[in-house]
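The chain is numbered in sequence order, starting from 1.
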Amino acid sequence: MTSVPAFAQAEREVPYWASINVDEARMRKGPSPAVPVIWEYNRKYLPVKVVQVHNEWRKIVDPDGAEGWMAARLLSIARTAIVTGGTRVMRTSPESDASIAYRVEAGVVGRLGECRKGFCMLDVKGRKGWIAAAHIWGD
């Protein structure tokens, strides 16, 4: 997955999807390293939604709905998604009656590909399949 510098991210229209690009990242109450940390993430590639931009900081929303500020250098515009709910199926084509390629558990994160007909292509460590868009967060 690729990382895009903060100045390039600033040119994007909000809201937009991004992902955490480091192994450890901190969400803060405000756009400054001087304000308290409200959440620590140890999950590289976790999808987040950027809802506001302030200089080198991004206000994000995580999959659980937590909001706070993160330094832009910790984020990438690489699109990822997290599986929600229970065990879900990834299919061989974007059809509800297509053969099952894989089963994935809630909380699994994968690289997001194209979306069509209510399904999105999800790549989980090289295992690819179509998952219902309603079963992921990050689309």
Side-chain angles (χ1 to χ4, degrees):
M1 295 192 197
T2 60
S3 177
V4 173
F7 68 86
Q9 290 182 32
E11 297 170 6
R12 297 180 63 89
E13 186 175 325
V14 292
Y16 66 88
W17 294 101
S19 57
I20 294 176
N21 196 40
V22 293
D23 292 325
E24 295 179 7
R26 293 183 176 137
M27 177 191 282
R28 297 180 178 275
K29 280 188 168 186
S32 166
V35 298
V37 172
I38 54 177
W39 199 254
E40 284 195 33
Y41 297 89
N42 295 306
R43 187 110 189 248
K44 191 172 183 176
Y45 308 126
L46 184 74
V48 296
K49 187 176 221 178
V50 176
V51 295
Q52 191 174 344
V53 173
H54 178 73
N55 297 326
E56 302 300 312
W57 292 86
R58 304 293 178 263
K59 186 173 188 182
I60 64 166
V61 178
D62 76 8
D64 293 323
E67 290 189 34
W69 292 86
M70 192 172 284
R73 64 183 167 71
L74 304 177
L75 300 173
S76 167
I77 61 167
R79 293 288 309 276
T80 63
I82 188 168
V83 177
T84 59
T87 301
R88 304 298 188 179
V89 295
M90 291 172 39
R91 300 191 177 275
T92 56
S93 65
E95 309 284 338
S96 58
D97 60 351
S99 299
I100 295 172
Y102 301 101
R103 295 184 191 279
V104 289
E105 297 291 327
V108 168
V109 172
R111 185 177 312 183
L112 191 64
E114 71 171 302
C115 295
R116 60 183 155 116
K117 297 169 45 174
F119 287 83
C120 293
M121 175 58 75
L122 192 65
D123 179 341
V124 179
K125 297 182 180 178
R127 294 183 177 188
K128 298 177 184 178
W130 294 90
I131 189 167
H135 297 162
I136 57 173
W137 189 88
D139 67 321

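At a threshold of 4.5 Å between non-hydrogen side-chain atoms, the residues Ile60 and Lys49 do not count as touching. Side-chain atoms of Ile20 and Leu75, non-hydrogen and from C-beta on, do get closer than 4.5 Å to each other. A 4.5 Å side-chain heavy-atom check between Phe119 and Ser96 finds at least one atom pair inside the cut-off. At least one side-chain heavy atom of Arg103 sits less than 4.5 Å from a side-chain heavy atom of Val89. Between Asn55 and Pro31, the closest side-chain pair of non-hydrogen atoms is not below 4.5 Å. In this structure the side chain of Lys117 never reaches within 4.5 angstrom of the side chain of Trp130, judged on heavy atoms.
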Exercise. When you look at Glu67 and Lys59, which way does the side-chain contact (heavy atoms from CB on, under 4.5 Å) test go after all the steps?
Worked result: CA-CA 7 Å; Glu67 290 189 34; Lys59 186 173 188 182; 3.4 Å; yes
For this session: Please step through side-chain contact (heavy atoms from CB on, under 4.5 Å) for the pair Gln52 and Trp57, ending with a clear verdict.
Result: CA-CA 9 Å; Gln52 191 174 344; Trp57 292 86; over 6 Å; no
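The two atoms that bring Tyr41 and Asp62 nearest to each other are OH-OD2, 2.7 Å, heavy atoms only. In this structure, Met121 and Lys128 approach most closely via the heavy-atom pair SD-CB, 3.8 Å. Residues Val109 and Tyr45 come closest through the heavy atom pair CG1-O, 3.4 Å. Residue Val50 comes nearest to Ala18 through the heavy atom pair CG2-CB, 4.0 Å, listed as atom of the first residue, atom of the second, then distance. When every heavy atom of Arg88 is checked against every heavy atom of Thr84, the shortest pair comes out as NE-O, 2.9 Å. Ala133 approaches Cys120 most closely through the heavy-atom pair CB-SG, 4.1 Å.
The local environment of CZ in Arg26 is sparse, with at most 12 non-hydrogen atoms from other residues, nucleotides or ligands closer than 6.0 Å. A 6.0 Å sphere centred on CH2 of Trp39 holds no more than 12 heavy atoms belonging to other residues, nucleotides or ligands.
Note: Ile82 CD1 to Ser19 OG = 12.0 Å, rounded to the nearest 0.5 Å.
Among Val124, Leu122, Asp123, the single residue meeting the side-chain contact (heavy atoms from CB on, under 4.5 Å) criterion with Arg111 is Asp123.
Looking at Arg73 and Glu56, no side-chain N of the basic residue comes within less than 4.0 Å of a carboxylate O on the acidic one, giving no salt bridge.
Residues Leu112 and Val48 fall into different hydrophobic clusters, defined by Ile, Leu, Val, Met, Phe, Trp and Tyr side chains chained together at heavy-atom separations under 4.5 Å. Trp137 and Val108 fall into different hydrophobic clusters, where Ile, Leu, Val, Met, Phe, Trp and Tyr residues are linked whenever their side-chain heavy atoms come under 4.5 Å apart, directly or through other members.
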